[in-house]
Amino acid sequence: MTPNTLIGAIVVLAIARGVLYLMPKLANDHKTVVEYLDSFIVAGITALFLINFVVRSFYIPSGSMEHTLEINDYILVNEWVYHVYHPARGDVIVFKPPPRAEA
């Protein structure tokens, strides 16, 4: 799930929660739904924070790192650690690919 998709889902859930907040009688009749919405919103915000500031997943589509990373591997990258420490010899560095030139 991309961050943009996650933000969209959080907004939709927050709107639904806002509607239930503005209609207390409806919210009282559906307390379980309100609890689930609250839980999903908190989980979504937590996931968004983790994705953007702590750890991110990457897909390895090519064999450029074979013997260390195989084709079609998924890796988790700690984005926070290099704000505290400098990269060391033997660390795997992840670069974002350059934008594709349109033909």
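Side chains included, hydrogens not; waters and symmetry mates left out as well; all remaining heavy atoms used. What you see is a predicted model, and the numbers here were worked out from it, not measured in a lab.
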Identify every side-chain donor-acceptor pair in residues 68-78 under 3.5 Å, counting partners at least two apart or on other chains, and give the distances.
{"from": "Asn72", "atom 1": "OD1", "to": "Tyr59", "atom 2": "OH", "distance (Å)": "2.5"}
{"from": "Asp73", "atom 1": "OD2", "to": "Glu70", "atom 2": "N", "distance (Å)": "2.8"}
{"from": "Asn78", "atom 1": "OD1", "to": "Trp80", "atom 2": "N", "distance (Å)": "3.0"}
{"from": "Asn78", "atom 1": "OD1", "to": "Val81", "atom 2": "N", "distance (Å)": "3.2"}

*Any pair with a residue in residues 15-26 that passes salt bridge (charged side-chain N to carboxylate O under 4.0 Å, His left out), sequence neighbours left out, goes on the list, sorted by first then second residue, please.*
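Passing the test, one end in residues 15-26: Arg17-Asp38, Lys25-Asp29.
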
*Can you pull the salt bridge (charged side-chain N to carboxylate O under 4.0 Å, His left out) pairs that have at least one residue in residues 42-55, sequence neighbours excluded?*
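Listed once each, the pairs would be none.
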
*Which pairs, with at least one residue in residues 84-93 and sequence neighbours excluded, count as a side chain to side chain donor-acceptor pair (under 3.5 Å)?*
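Non-adjacent pairs meeting side chain to side chain donor-acceptor pair (under 3.5 Å): Tyr82-Asp91.
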
_Pairs touching residues 39-51 that satisfy side chain to side chain donor-acceptor pair (under 3.5 Å), sequence neighbours left out_ =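 For residues 39-51: none.
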
*Under a single-linkage definition using a 4.5 Å side-chain heavy-atom cutoff for Ile, Leu, Val, Met, Phe, Trp and Tyr, are Val42 and Leu20 assigned to the same hydrophobic cluster?*
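No: no chain of side-chain contacts under 4.5 Å links Val42 to Leu20.
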
Atom pairs and distances, side-chain donor-acceptor, residues 48-55, under 3.5 Å, sequence neighbours left out:
{"from": "Asn52", "atom 1": "OD1", "to": "Arg56", "atom 2": "NH2", "distance (Å)": "3.4"}
{"from": "Asn52", "atom 1": "ND2", "to": "Leu48", "atom 2": "O", "distance (Å)": "3.2"}

*Quick one: side-chain contact (heavy atoms from CB on, under 4.5 Å) partners of Thr5, sequence neighbours excluded?*
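Listed in chain order: Met1, Thr2.
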
*First locate atom CD1 of Ile15, then atom CD1 of Ile10, and finally report the distance between them rounded to the nearest 0.5 Å.*
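If I round to the nearest 0.5 Å, the distance is 12.0 Å.
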
*Please list all pairs passing the ring-ring contact (aromatic ring centres under 6.0 Å, His included) test where one or both residues lie in residues 15-41, with sequence neighbours left out.*
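Every candidate ring-ring contact (aromatic ring centres under 6.0 Å, His included) pair involving residues 15-41 fails, so no pair, neighbours aside, qualifies.
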
